[in-house]
Amino acid sequence: MKRFSQLIKILDSTNKTTLKVNALANYFSEAPEKDKVWTIAILSHRRPPRPVNTTLLREWASELANIPLWLFEESYHIVGDLAETIALVVPSDEKSTEKLLSTFLEEMIWLKKQEDQIKKNYLFENWKNLDYYGRFVFTKLITGGFRIGVSQKLMTRALAKSTGIDEDILAYKLMGNWDPNTISFKELVLEENKNDYLSKPYPFYLAYAIEDEVSTLGNVRQWSAEHKWDGIRAQVILRNNEIFVWSRGEELVTDKYPEFQEFIGVLPNGMVLDGEILPYPNEQIGTFNDLQTRIGRKTVSKALLKKTPVILKAYDLLEWQGDDIRKKTFAERRKLLHEVFEEVKTTNSKIPLQLSEQMAFNSWQEVALEREKSREKHSEGLMLKRLDSPYLVGRKKGDWWKWKVDPLTIDAVLTYAMRGHGRRSNLFTDYTFALWNTNEEGKKELVTFAKAYSGLTDAEFKQVDAWIKKNTLERYGPVRSVTPQHVFEIAFEGIAFSKRHKSGIATRFPRILRWRKDKKIEEANSLEDLKSLIPSTISTAK
Amino acid sequence: MKRQLLEFTPKGIYCEPADVYLDPWKPVDKALITHGHADHSRWGHKKYITHHTNIPIIKHRLGDILASGKKWGETFTINNVKFSFHPAGHILGSSQIRVEHKGQVWVFTGDYKLEDDGVATPYENVKCHSFITECTFGLPAFLWRPQKEVISDINSWWAENKANGLTSILFGYSLGKAQRLLKHLDPDIGKIYTHGAVENMTAVLRNMIDFPKTELITRDTKKVDLAGNIVLAPPSAQGSTWIRKMVPYVNATASGWMAFRGARRRRAIDKGFVLSDHCDWPGLLKAIKETGAEKVICTHGYTAIFSRYLRDLGYDASTESTQFEGETGEISSDTDIENKSENTSVKANGKGEQT
């Protein structure tokens, strides 16, 4: 545990990726086998279920610290992290422990089924005996969620560095359901497995946003245009009658999208598709809002599969008949893809696969006109791909460009604020914005429509933070209502009706474009103004 | 309503029977000054009365001012009001001000801490009826480790950086924190370089305190000279071009705010040492208890929360709005703005401190 606390401390106190990777790689080279497995589990979100709920944690921590619960809560709001607050307020003998990380986790699994009194004794004993960082890490293990900027990818890279095993193969090995309590490091990581290569994806080719006039790209006939779909970029691999789905974050997400199992036996083996996973409720492309219900679920219920199925909108073919064809031109790859698709569709029209329609234009004006239709088609804009280009690795300028539609904007009033977390803890940086609405009694009132916490400079955040602290009307735990006084221009990418939102409208990627110091709140927009931005193609949806 | 011996006015803390102000933030005729930090000793008063060790400090900062110095515990009378200065332990020359009139004793702390830091004259407890206290770190989340341990961490950090061929840059407020750090840095590890603001302020204090030798960084200072050595600089130097020429370096800040992970990360500092010239939570509670005061007024810090807790404990505690800033120059002004604002918002909505 000492070694693990030390690791977390290093990871937490640097934002340099190389330092993080080195610290992790050293840890993987030195730590006891069982601890390594648990560390991988923790950093890939496989911690055991929370043994004690946070209400009890708060009560018991304030009891041990000998302070009233309200004072603990106030401290928590300011510190911004429960485990950190507990580590700071409880008194301790500042000892360090030789007990292993794996022992702590085994104890926590045991603890879950115990009586409250036993749980309380266990917490008190450990809080009192650990040093500050040990106490913080121990409590974090209970509350869950180390937000220390270590992605699964970074952890995999470190593991690759320490074991010499290829990163992509490791990523595959660490997928799926394994139990850190029973599996050994050897079984999980070290043992060779032929199947490991089966799933290997190609690095994604990523586009840059177009900055200059689109006409600077030259002859329009050398380019292929298609809509930029707003879903999850993915590679779907079919080899040896097995499907593997990789997201752009190079995370294996096969289990999240069981629909693609239908490809087996229909599409030929030795094939890798690049495309976008899109929601497809009622046989129509849905909004990103629909897809939200699928993202982040490890297991998908039958009801959800029926309500919000997904399809793959394919736009590239990277492997064909087991051969890497990325060096072929885009035009050739698309032609192959088209042929495969046509053949499959005649016999299996129901498989969740569509092609992203290629469009050819005679002038850049025509391209621009098509771009204007993006919102109606639920796309984010256009993708422009050079017809004679190979499939490159990573983000490269020149052959692929994204030409997004300009965001929608609206002027809204700041009504609530909350303290941020992490580097923004103790600063009010998370804001709620409202628009005018005329209620049933004919009175104008402000209705919440979106939350946003990015888009201002650090200096502006500081200024708004100071203003909020002086203009608080009421406090609701960490949230404060403020005097309606400031207008901000809010930008967002998409818009749709929503039952989950008070305003009845959901916006996608809302962020602050600028602080409209020149506007009074009376000049902010209304809910009607916002509704008028919804494209007519979806305004009839629920 | 009966007038209080010390009142909070738009110009500062006012003693009406003596017609003097304590640490006023607007120009006045006669100002009693607790210590040399900018938010407590401002420019423009006709006369400054302060502890004699503070005079060279405020003259260095404010130029040619009319100032008279007092000794610790020396009583002087203005219009039948008795005043005296008592050590506050915050920085060199920092005082609490005791005010006595018609049997009523008030103490105004300015800024203070209980631990003897080896530079400032250690805090002295002064009995009183009413205690006006800061509470910059008035949350149970703040608990300082003994200075000895923190200093030992700082020296080991420096030695480790030296072993790696790196320059160590240590940020601390140029008056107070910088000298406290300097006093305890181990000159056997290497040379101690200074930023101009630190060098000049330290020069003023060298007459009173024995500090290790320092070397001012100038245009002629070479990168190779700095390698392995330590640089003391004010927090404002972080990210400046002045710092860039010291690459490769690692930096650290010594401040009470470093207790929070968020504050460390926000500052993008390599290392944070929790070292403050203000009281921690137990320090505040201990100090208040030992004064024997029944009435406590909290001026700056987490005032609303701290005074509510004091009321829970049975004190007659309240908050007052001031323009004092706590440990602002050292890390972030957010809490300081908070103190003032919490007071104002309380008044504005008329609901009392806690809603």
Side-chain angles (χ1 to χ4, degrees), chain A residues 9 12-16 19 61-62 65-68 70-81 83-92 94 132 136 147-149 419-428 458 461-463 465-476 480 482-483, chain B residues 137-146 149 239 250 252 257-272 274 280-282 285 301-302 304-306 308-313 321 331-349 351 353-355:
Chain A
K9 192 172 181 176
D12 191 34
S13 57
T14 181
N15 41 23
K16 297 187 180 93
L19 284 182
S62 66
N66 198 20
I67 54 173
W70 71 261
L71 182 55
F72 179 85
E73 298 286 355
E74 291 281 3
S75 305
Y76 168 43
H77 294 154
I78 290 162
V79 176
D81 182 291
E84 185 178 353
T85 312
I86 292 174
L88 286 167
V89 302
V90 301
S92 140
E94 298 292 327
Y132 165 71
F136 167 64
R147 288 190 185 183
I148 45 175
R419 283 191 172 93
H421 288 271
R423 66 185 284 273
R424 289 165 153 195
S425 66
N426 207 10
L427 276 182
F428 285 90
D458 280 358
F461 270 130
K462 218 169 170 179
Q463 222 181 330
D465 171 78
W467 180 84
I468 288 165
K469 285 166 181 167
K470 287 192 195 115
N471 291 279
T472 299
L473 294 175
E474 274 179 278
R475 303 175 191 200
Y476 314 89
R480 294 182 178 197
V482 297
T483 320
Chain B
F137 294 105
L139 277 187
F142 295 106
L143 185 76
W144 311 147
R145 289 162 62 216
E149 291 178 26
V250 274
W257 296 115
M258 290 297 127
F260 287 174
R261 288 159 63 238
R264 285 199 299 271
R265 290 197 288 179
R266 186 152 63 225
R267 261 293 178 110
I269 288 268
D270 296 318
K271 185 101 184 164
V274 185
D280 63 0
W281 172 260
L285 294 176
Y302 293 98
I305 297 170
F306 189 60
R308 177 177 169 190
Y309 184 65
L310 291 178
R311 285 194 296 278
D312 276 9
L313 295 180
S321 175
I331 176 67
S332 74
S333 58
D334 35 78
T335 9
D336 311 302
I337 296 162
E338 174 127 20
N339 323 325
K340 285 172 231 155
S341 52
E342 298 207 353
N343 297 329
T344 20
S345 72
V346 163
K347 280 182 184 157
N349 65 23
K351 285 182 184 166
E353 274 87 342
Q354 293 297 329
T355 49

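FYI, side chains are in, hydrogens and waters are out, and symmetry mates aren't considered; it's all heavy atoms of this structure. Letters A, B, ... are given to chains in the order of the sequence lines, protein chains preceding strands, and every chain is numbered from 1.
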* Asked: Do you know which of A87(A), A65(A), P91(A), P68(A) has the most heavy-atom pairs with chain B at a distance under 4.5 angstrom?
  -> P68(A)
* Structure fact -> For V79(A) and A141(B), the nearest pair of non-hydrogen atoms, with its separation, is CG2-CB, 4.1 Å
* Taking only residues two or more places apart in sequence or in another chain, which ones pass salt bridge (Lys or Arg N to Asp or Glu O under 4.0 Å) with D81(A)? -> K140(A), R261(B)
* Taking all atoms of both residues into account, what is the closest heavy-atom pair of Y309(B) and W70(A), and its distance? -> N-CH2, 3.6 Å
* To do: Please state whether the side chain, the backbone, both or neither of F72(A) comes within less than 4.5 Å of a heavy atom of chain B.
  => neither
* **Region of Y76(A) in contact with chain B, defined by heavy-atom distances below 4.5 Å** => neither
* Asked: Got a second to check how far E73(A)'s CD is from I305(B)'s CD1, nearest 0.5 Å?
  -> 11.5 Å
* Separation between CG of L71(A) and CZ of F306(B), rounded to the nearest 0.5 Å -> 10.0 Å
* To the nearest 0.5 Å, what is the distance between CG (L88(A)) and CG (L139(B))? -> 10.0 Å
* Structure fact -> The ring pair (Phe, Tyr, Trp, His ring centres under 6.0 Å) partners of F142(B) (sequence neighbours excluded) come to F137(B), W144(B), W257(B), F260(B)
